[in-house]
Undergrad: 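Dropping a structure here in structure tokens format, bear with me for questions.
Order of appearance sets the numbers: ligands from 1, and atoms from 1 within every ligand.
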Amino acid sequence: NSMTEQSQPVPKPVPEPDEASMPFFQGAKQGRLMIRQCTSCQEYLAPDRVICTNCLSEALEWIEASGKATLHTFGIMHQRYHPGFAAEIPYNVAVVELEEGPRLNTNLVGIANEDIRVGMEVTATFERQGEVDGNDVYLPKFRPAG
Ligand code: ZN
């Protein structure tokens, strides 16, 4: 089981899916990047939105995004905020702009920190973060496209 897979002494914090975010996490587990779309004005919204930022409608539905994005901004973190990240310092934190428009906070994978460039094309990839209540939890990360 997963306890024996965990090589780090301290596991990373794992986000806990709740009822509202469940479609996002279920999608991630299946390799699908789920975002929200307003059914009133068709605006695409980040997965954590509960109200449309364009028309204030609460009638949002889940849709699968393409997974294509460009790097909007990033930072390299040298400080250890959680012991679970100790093995990955320095690590990057990134904001990507999805092809559909919304921006997501994420991390870039498969690239050296010194090679990261704002504006580069990236694509979603899904990484297992751990498990909550016996369920694997995956999160979208982004790697260089192509
Ligand atoms: Zn709207």
Undergrad: Could you check whether atom CG of Asp133 has more than 12 heavy atoms from other residues, nucleotides or ligands sitting under 6.0 Å from it?
TA: no

Undergrad: What is the distance from atom OG1 of Thr70 to atom CZ of Phe142, rounded to the nearest 0.5 Å?
TA: 10.0 Å

Undergrad: Nearest 0.5 Å, what's the CD-CZ distance between Glu43 and Arg36?
TA: 14.0 Å

Undergrad: Check this for me, if you would: do Lys141 and Glu127 make a salt bridge, where the nitrogen-to-carboxylate-oxygen distance has to be below 4.0 angstrom?
TA: no

Undergrad: At a cut-off of 2.8 Å, what protein N/O/S atoms sit near the Zn ion (ligand 1)?
TA: Cys38 SG, Cys41 SG, Cys52 SG, Cys55 SG

Undergrad: Using the side chain to side chain contact (heavy atoms under 4.5 Å, CB included) rule, take Tyr91 and Asn113 through it: C-alpha gap first, then chi angles, then the decisive distance, then the call.
TA: CA-CA 8 Å; Tyr91 63 96; Asn113 285 336; 5.8 Å; no

Undergrad: Roughly how far, to the nearest 0.5 Å, is CZ of Arg117 from CG of Leu71?
TA: 10.5 Å

